[in-house]
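Contents: one structure, followed by commentary.
Keep in mind that the numbers below use all heavy atoms, side chains included, and drop hydrogens, waters and symmetry copies. If you read the sequence from its start, that first residue is 1, and numbering goes on from there.
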Amino acid sequence: DVLFDQAYPQLEGGVAGFIERYLESPSAVLVLHGPPGTGKTRLIRAILGAMSRRLGAQARVMVTSDACALAADEIFTRFLAGSADAFVVEDADHLLRPRADGNEHLHRFLTVADGVAHANGRKIIFSSNLPNIGDMDDALIRPGRCFARVRLRELTLDEAAQLWRELARGRERAAGIAARAGGRRALSLAEIYQAAQDAFLRRAP
């Protein structure tokens, strides 16, 4: 997917710059959190695509959202001992909560993060629907271990209009996106892309 900077206004320096800095950083961990539909998966795909281009081959990626798998040691051992370039944990709400709240699994990831932090740019990406950055364990998101924790959100109507202009490229007025909000003050990326798809397919010959 082509990611427009207007879709991620919270990323200073734009999407490509953010991804480049992450891949260059010795810090292994990236945490993306926010409501569903705000672009977490799109951003992860873009990061893995950039990683593949840097490697000159398809990046090897381990992906899981299975809480049972994360409760055992096998998956962590496979990542540490294997050749995967990245480990993506989706829907990681349960894994990111503080250990003081009864999180018994985080210590495994802390070990993994330290083990790969300086190992040829291997990365660990968490995707979570946790709304509050304060709900995460401080040990995981400390500087040096964590490159960034990014809260993705819905776009304001002004931000949505800016993205709409990029997507539409003159095919439909940006003012039309406000009508699609139905009186709300913000729209998710998923809603904007779906609206664009509906509008442009309808106009296709």
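- Listed by chain and residue number, nothing satisfies the ring-ring contact (aromatic ring centres under 6.0 Å, His included) test with Tyr8 (two or more places apart in sequence, or in another chain).
- Residue Ala86 comes nearest to Phe79 through the heavy atom pair C-CE1, 3.8 Å, listed as atom of the first residue, atom of the second, then distance.
- No donor-acceptor pair closer than 3.5 Å links the side chain of Lys40 to the backbone N or O of Leu152.
- In terms of heavy-atom proximity, Arg60 sits nearest to Ser83 at NE-O, 2.8 Å.
- Taking each heavy atom of Arg42 and Leu3 in turn, the nearest pair found is O-CD1, 3.7 Å.
- Distance alone, capped at 3.5 Å, places no donor-acceptor pair between the Arg122 side chain and the Ala28 backbone.
- Considering every non-hydrogen atom in both Asp91 and Asn129, the closest pair reads OD1-ND2, 4.1 Å.
- The shortest non-hydrogen separation linking Gly14 to Asp5 is CA-OD1, 3.5 Å.
- How far CZ of Arg53 is from CD1 of Ile19: 7.5 Å, rounded to the nearest 0.5 Å.
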### Asp66 and Ile75: CA distance, side-chain angles, deciding distance, side-chain contact (heavy atoms from CB on, under 4.5 Å) verdict
CA-CA 11 Å; Asp66 188 341; Ile75 194 167; over 6 Å; no
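- Two residues are said to be in side-chain contact when any heavy atoms from C-beta on lie closer than 4.5 Å; Asp85 and Leu48 fail this criterion.
- A donor-acceptor distance shorter than 3.5 angstrom exists from the side chain of Gln10 to the backbone of Arg151, with no hydrogens or angles considered.
- Distance CD1/Ile192 to CG/Leu167: 8.0 Å, rounded to 0.5 Å.
- Looking at heavy atoms from C-beta onward, Leu32 lies in side-chain contact with Val150 at the 4.5 angstrom threshold.
- With sequence neighbours excluded, no residue satisfies ring-ring contact (aromatic ring centres under 6.0 Å, His included) with Tyr193.
- Listed here is the closest heavy atom pair of Val15 and Phe4: CG2-O, 3.9 Å.
- Electrostatic pairing of Glu12 and Arg21 does not count as a salt bridge here, judged by no charged N lying under 4.0 Å from a carboxylate O.
- When side chains are defined from C-beta on, Phe18 counts as touching Leu30, because their heavy atoms get closer than 4.5 Å.
- Side chain of Lys123 to main chain of Val88: no donor-acceptor pair is present (N/O by atom type, distance under 3.5 Å, no hydrogens or angles).
- In terms of modelled atom types and a separation under 3.5 Å, the side chain of Ser52 and the main chain of Ala59 share a donor-acceptor contact.
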### Task
Evaluate the criterion side-chain contact (heavy atoms from CB on, under 4.5 Å) for residue pair Leu189 and Leu163; output intermediate values, then yes/no.
CA-CA 9 Å; Leu189 274 186; Leu163 175 59; 3.5 Å; yes
